[in-house]
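Throughout, a chain's letter reflects where its sequence line sits, starting with A, and its residues are numbered from 1.
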Amino acid sequence: MNYQFNWKLVLTGEYGQWLLDGLSVTLQISAMSIVFSLLLGTIVTVLRLTRVKPLEWLSLAYTEFFRNTPLVVQIFFWYFGSDPFLPGFFKEWLYQQNIEFAAGVIALTVYTSAFIAEEIRAGILSIPKTQLEASRASGLSFLQAMGYVILPQAFRIIVPPLISQFLNLIKNSSMVMTIGVAELTYMARQIEAHTFHGFEAFTASTVIYICISLVVSFAITLYDKHFLRRVRY
Amino acid sequence: MAMIEIRSLNKWFGDFQVLKNVNQSVEKGEVLVICGPSGSGKSTFIRCINRLEDFQQGAIQLEGKDIKSPEMNVNTLRTEIGIVFQQFNLYPHLTVLKNVTLAPIKVKKVRREEAETTALQLLDRVGIHDQALKYPAELSGGQQQRVAIARALAMRPKVMLFDEPTSALDPEMINEVLNVMKDLARDGMTMLCVTHEMGFAREVADRIIFMDGGEILEEAPPSEFFKNPRHERTRAFLKEIL
């Protein structure tokens with residue numbers, strides 16, 4: 001084997017900067033998608049529990065559709081396929097923005113929210129029905145009861161599966177390289193193309209992904225332990 | 001005008017009729033005790049009054065207003081009628097104080113400081129002023145139930161419903177809850193209590209009704225109810241529990 005390892009080339013200077021740039025885009029796209037998918041997932045779940053049939057069906061269709069199609073197809077759809085449905089003025093505005101990034105966030109958000117919705121639903125179903133009854137009996141509306149009584153308890157229960165969803169999302173964000181978002185994997189690929197040092201480039205990106213995941217799950221677990229674990233029946 | 005007027009109430013769960021032609025009139029300040037064997041429809045009956053249960057036939061009026069009329073918002077109705085459950089049903093993720101202030105702040109839009117002052121007064125009244133910052137799981141059953149009563153009172157309801165409030169409690173905690181209820185009754189609260197505590201019934205009830213099979217079989221002031229019950233089912237029931 002006469003492959004010459006050159007870590008210094010990949011980790012410092014211009015290429016090192018590329019990795020950092022990629023890391024920054026990965027963090028941005030992941031953070032935005034996590035926030036949006038939590039919000040969207042919550043809305044989808046609450047629709048499912050309204051006992052209004054059309055809303056329930058809409059929510060069910062949403063989860064089944066987006067859970068059961070490949071993420072890459074969804075990314076391509078939002079990037080290449082959604083164009084004909086957008087109104088003209090919005091399209092013009094959109095093309096002045098970073099459209100690859102936006103399509104990536106939308107795809108990751110929608111895809112992940114379908115899974116998160118199911119986790120939240122499982123959490124809600126594990127809360128005794130008497131909690132909803134007691135809060136409605138005191139005059140709270142359905143949405144108020146959800147917001148102040150049911151969801152805060154449900155979220156505490158589903159912290160572990162939620163962490164898995166977030167980690168999946170962070171790793172899945174590498175797929176937006178297929179539409180040219182310059183995130184971590186894209187940058188590693190670029191470095192490989194410029195230097196032919198693919199081993200170092202992809203090892204570096206692998207280590208970075210592992211670090212992000214560990215930090216995220218550690219931070220949430222810590223938060224959970226110190227601030228949330230007070231629900232006991 | 002009666003505080004609560006119930007006319008020809010009929011309710012079915014599927015084919016099974018749980019309430020059969022129930023008629024009642026409860027005056028302001030009156031304490032009505034509802035007793036009867038389990039499955040007789042007593043809980044279902046009081047849960048119809050704040051619309052936790054729907055009913056198919058009959059009408060219920062609160063101060064002359066039909067509770068099912070379109071202009072009667074169900075959430076507003078429920079601010080006027082407090083309920084205390086057998087299992088307390090406190091919110092485990094909130095402190096005692098927040099359990100009591102949640103509905104006043106969110107539903108009645110009372111200012112936080114004001115809601116907290118009221119809550120502390122009520123907690124004082126039920127004897128747990130010093131536990132306001134604890135979580136429900138840190139309290140005994142009797143204390144939790146007293147918090148539940150304070151939570152219901154915080155909405156300043158016109159009527160209080162009690163659905164077997166002492167049935168889930170250890171014997172030594174029953175009295176601390178009953179004493180709070182007696183105080184309430186003395187202060188003139190209109191109360192409908194489903195309970196098996198016959199000592200309480202004898203002492204504070206204005207009227208006792210006995211239900212079986214979804215019907216009201218007997219209705220009398222306590223003295224008469226205990227001394228000479230007319231219906232044979234009532235006699236058998238009283239023999240069992242006294």
Side-chain angles (χ1 to χ4, degrees), chain A residues 38 42 45-46 49-53 55-56 119-163 220-233, chain B residues 43 46-47 49-53 73-95 98-110 133-139 141 144 147-157 159-163 168:
Chain A
L38 257 185
T42 307
T45 316
V46 171
L49 301 170
T50 50
R51 289 170 180 252
V52 180
K53 281 287 168 218
L55 296 180
E56 278 179 41
E119 305 289 4
I120 300 175
R121 197 166 72 93
I124 291 176
L125 293 179
S126 72
I127 308 294
K129 267 172 67 184
T130 47
Q131 286 288 306
L132 182 63
E133 190 169 76
S135 36
R136 293 305 309 274
S138 72
L140 295 177
S141 69
F142 174 76
L143 288 181
Q144 285 177 322
M146 279 289 151
Y148 299 120
V149 177
I150 307 299
L151 286 174
Q153 295 182 55
F155 274 114
R156 283 161 167 79
I157 289 171
I158 61 164
V159 165
L162 267 188
I163 293 179
I220 299 177
T221 309
L222 209 67
Y223 177 73
D224 180 44
K225 265 218 183 83
H226 288 271
F227 296 99
L228 297 181
R229 281 276 161 251
R230 288 207 91 146
V231 184
R232 278 173 292 159
Y233 288 95
Chain B
S43 286
I46 65 164
R47 287 160 58 92
I49 295 169
N50 66 352
R51 294 188 64 186
L52 279 184
E53 298 281 351
N73 178 298
V74 66
N75 296 328
T76 317
L77 170 76
R78 286 169 178 167
T79 62
E80 316 240 27
I81 302 175
I83 185 164
V84 175
F85 300 94
Q86 182 176 350
Q87 295 294 345
F88 333 135
N89 300 346
L90 295 178
Y91 312 131
H93 63 302
L94 299 178
T95 60
K98 290 206 162 129
N99 263 275
V100 180
T101 57
L102 180 69
I105 292 173
K106 300 303 175 189
V107 180
K108 285 194 149 179
K109 313 291 178 201
V110 177
L133 296 178
K134 287 193 178 169
Y135 284 82
E138 296 169 298
L139 304 184
Q144 291 193 45
V147 173
I149 294 173
R151 176 174 72 176
L153 291 175
M155 295 299 275
R156 309 213 172 283
V159 179
M160 284 285 284
L161 309 174
F162 291 87
D163 189 0

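- Here the OG atom belonging to A:S138 is positioned 6.0 Å from the CE atom belonging to B:M155, to the nearest 0.5 angstrom.
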Residue pair B:N75, A:Q144: steps toward the side-chain contact (heavy atoms from CB on, under 4.5 Å) verdict: CA-CA 11 Å; B:N75 296 328; A:Q144 285 177 322; 5.9 Å; no
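- Remark: B:K106 NZ to A:S135 OG distance equals 13.5 Å, nearest 0.5 Å.
- Across all their heavy atoms, A:A134 and B:R151 have their closest contact at CB-NH2, 3.9 Å.
- For chain A, no part of B:R51 is nearby; none of its heavy atoms comes within less than 4.5 Å.
- Although no hydrogens or angles enter the test, the distance criterion places a donor-acceptor pair under 3.5 Å between the side chain of B:H93 and the main chain of A:Y148.
- For B:L161, no part lies near chain A; criterion is any non-hydrogen pair under 4.5 Å.
- In this structure, the portions of A:E133 lying under 4.5 Å from any heavy atom of chain B include both its backbone and its side chain.
- Comparing B:I83, B:N73, B:T79, B:L52 by how many heavy-atom pairs each has under 4.5 Å with chain A, the most go to B:L52.
- Both the backbone and the side chain of B:Y91 come within less than 4.5 Å of a heavy atom in chain A.
- B:N89 touches chain A through backbone and side chain together, each having a heavy atom under 4.5 Å away.
- The closest donor-acceptor contact from the side chain of A:Q153 to the backbone of B:P92 lies at 3.5 Å or more, if one exists at all.
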